[in-house]
Amino acid sequence: MIPTTLTSAGRTSSRVTSSSVSFVSRGFRGRRDTEGDLTRVPPGQHVTEDFPVLSAGPTPHTPLDEWTFSIVNGDERETWTWDEFRALPSETVTVDIHCVTRWSKLDTTWEGVSIDTLLEQVEHEAAYVLAFCDGGYTTNLPLEDVSDGKAWVAFAYDGEPLDPEHGGPARLLVPHLYFWKSAKWVRGLMLRDTDEPGFWETYGYHSYGDPWREQRYAGD
């Protein structure tokens, strides 16, 4: 569900890197929020006012004059520079986000370009996408989960340019799935006929990641 009330959110962070945790962690032990709207908090989650940072390596810092975003369909590639990307129509959305490590953050406000806008530039019959990012990170998604107004390439959070630790200059935003599917430092989407596991999925995370069905890990 995507609420539409605009609010501001606080911004603090704590960093967890691969040097201090294993790739697959059963997450933080928390309780569900007992004061907020429980219809917006999936099972096993607790609400936080912070914006925790989790990553599996160093944070990339790609200069904007070197940044591009591409839609790859076989041998065909549609590419935008940063200036071309920012010239595309953008949307401001307020959504709840849910991390696999059991925190949820409500009413987060983002600005980004709808994936629908980008896919309009490419003729295809793909059923899946594989997002690829700086740092070698990838994640897989069904095409229907990034189309029809469900996903964006976000470049701003809470009215400010997206910080690198939160995936800037641009990250995927797919708020109805666990937040690892909203890939940080995204640089493109590869269109595919078949599903292919991404980075975290090969380390045991669920292929789909529905927070309402608690699809955290393979077999959930």
Side-chain angles (χ1 to χ4, degrees), residues 1-7 9 37 39-43 45 51 69-73 78 80 85-86 88-100 103-133 137-158 162 166-168 170-201 205-216 220:
M1 87 192 296
I2 299 180
T4 56
T5 302
L6 294 179
T7 63
D37 183 354
T39 64
R40 295 169 60 184
V41 184
Q45 298 290 111
F51 197 161
F69 186 89
S70 299
I71 302 288
V72 181
N73 185 20
E78 184 76 25
W80 295 263
F85 171 76
R86 290 290 284 108
L88 295 172
S90 63
E91 301 173 0
T92 297
V93 296
T94 297
V95 297
D96 301 340
I97 56 176
H98 311 289
C99 183
V100 71
W103 59 261
S104 292
K105 187 171 179 62
L106 307 183
D107 296 317
T108 63
T109 300
W110 306 78
E111 185 178 357
V113 175
S114 172
I115 297 296
D116 295 317
T117 298
L118 299 166
L119 290 177
E120 286 174 357
Q121 312 300 316
V122 182
E123 293 187 10
H124 68 90
E125 297 181 356
Y128 300 92
V129 299
L130 185 72
F132 56 92
C133 312
Y137 179 80
T138 60
T139 194
N140 56 306
L141 296 139
L143 185 74
E144 64 182 2
D145 283 281
V146 298
S147 55
D148 296 326
K150 299 187 187 78
W152 299 263
V153 177
F155 53 81
Y157 171 74
D158 202 17
L162 189 59
H166 289 305
R171 74 177 296 158
L172 200 58
L173 178 63
V174 191
H176 67 284
L177 300 178
Y178 278 126
F179 207 43
W180 91 80
K181 291 292 187 177
S182 296
K184 295 192 287 188
W185 315 303
V186 69
R187 295 294 296 274
L189 299 176
M190 186 177 298
L191 304 180
R192 301 183 57 86
D193 295 328
T194 59
D195 201 10
E196 175 183 321
F199 177 86
W200 285 115
E201 294 81 10
Y205 278 50
H206 198 278
S207 180
Y208 184 63
D210 183 348
W212 296 97
R213 291 189 282 170
E214 295 195 80
Q215 292 177 334
R216 294 181 173 87
D220 285 350

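When reading the values below, keep in mind they use all heavy atoms of this one structure, side chains included, and skip hydrogens, waters and symmetry mates. Quick caveat: nothing in here was measured; it's all calculated off a predicted structure.
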Run Val186 and Val153 through side chain to side chain contact (heavy atoms under 4.5 Å, CB included) and show every step you take. CA-CA 8 Å; Val186 69; Val153 177; 4.0 Å; yes
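Under the side-chain contact (heavy atoms from CB on, under 4.5 Å) criterion, Glu123 pairs with no residue at all, not counting sequence neighbours. Residues passing the side-chain contact (heavy atoms from CB on, under 4.5 Å) test with Ala126 are His124, Leu191, sequence neighbours excluded. Residues passing the side chain to side chain donor-acceptor pair (under 3.5 Å) test with Ser104 are Gln45, His98, sequence neighbours excluded. Listed by chain and residue number, nothing satisfies the side chain to side chain donor-acceptor pair (under 3.5 Å) test with Thr117 (two or more places apart in sequence, or in another chain). With sequence neighbours excluded, the residues satisfying side-chain contact (heavy atoms from CB on, under 4.5 Å) with Asp116 are Ser114, Ser147. Taking the side chain to side chain donor-acceptor pair (under 3.5 Å) definition, one finds that Trp110 meets it with Thr108, sequence neighbours left out. For Glu196, the salt bridge (charged side-chain N to carboxylate O under 4.0 Å, His left out) partners at least two apart in sequence or on another chain are Arg192. Considering only residues two or more places apart in sequence or on other chains, Arg213 meets the side chain to side chain donor-acceptor pair (under 3.5 Å) condition with Asp210. Every residue two or more places apart in sequence or in another chain that forms a salt bridge (charged side-chain N to carboxylate O under 4.0 Å, His left out) with Glu214 is listed here: Arg216.
By the 4.5 Å heavy-atom criterion applied to side chains, Leu119 and Val122 are not counted as neighbours. Two residues are said to be in side-chain contact when any heavy atoms from C-beta on lie closer than 4.5 Å; Val72 and Leu189 fail this criterion. With a 4.5 Å cut-off on side-chain heavy atoms, Gln121 and Trp80 count as touching. Within the 4.5 Å cutoff, the side chain of Val113 has heavy atoms near those of the Phe155 side chain. You'll find the side chain of Tyr178 stays beyond 4.5 Å of the side chain of Cys99, heavy atoms only.
Closest approach of Leu162 to Ala154, counting heavy atoms only: CD2-O, 3.7 Å. The two residues Trp152 and Val93 come nearest to each other via the heavy atoms CZ2-CG1, 3.5 Å. When every heavy atom of Phe69 is checked against every heavy atom of Leu118, the shortest pair comes out as CE2-CD1, 3.6 Å. Considering all non-hydrogen atoms of both residues, Pro211 and Pro42 come closest at O-CB, 3.4 Å.
Taking the centre of each ring, Trp200 and Tyr205 come in below the 6.0 Å mark.
Here the straight-line distance linking atom CD of Glu78 with atom OG of Ser70 works out to 8.5 Å at 0.5 Å rounding. Interatomic distance, Trp180 CH2 to Tyr137 OH, rounded to the nearest 0.5 Å: 8.0 Å. Between Leu173 atom CG and Glu91 atom CD the span is 11.0 Å, to the nearest 0.5 Å. Taking CG of Asp107 as the reference point, atom CG of Asp158 lies at 11.0 Å (rounded to 0.5 Å). If you take CD on Glu111 and OG on Ser90, they are separated by 4.0 Å, rounding to the nearest 0.5 Å.
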Could you list the donor-acceptor pairs under 3.5 angstrom formed between side-chain atoms of residues 138-145 and any protein atom two or more places apart in sequence or on another chain?
unit_1, atom_1, unit_2, atom_2, d
Thr138, OG1, Phe199, N, 3.1
Thr139, OG1, Glu201, OE2, 2.8
Asn140, OD1, Lys181, NZ, 3.3
Asn140, OD1, Gly198, N, 3.2
Asn140, ND2, Asp195, OD1, 3.0
Asn140, ND2, Asp195, OD2, 3.4
Asn140, ND2, Ser207, OG, 3.2
Asp145, OD1, His176, NE2, 2.7
Asp145, OD1, Tyr208, OH, 2.7
Asp145, OD2, Tyr208, OH, 3.4

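Between Phe51 and Phe179, the angle of the ring planes lies from 30° to 60°, which puts this pair in the tilted group.
In this structure, Arg171 fails the cation-pi test against Tyr157, since its NZ or CZ atom is not both closer than 6.0 Å to the six-membered ring centre and inside 45 degrees of the ring normal.
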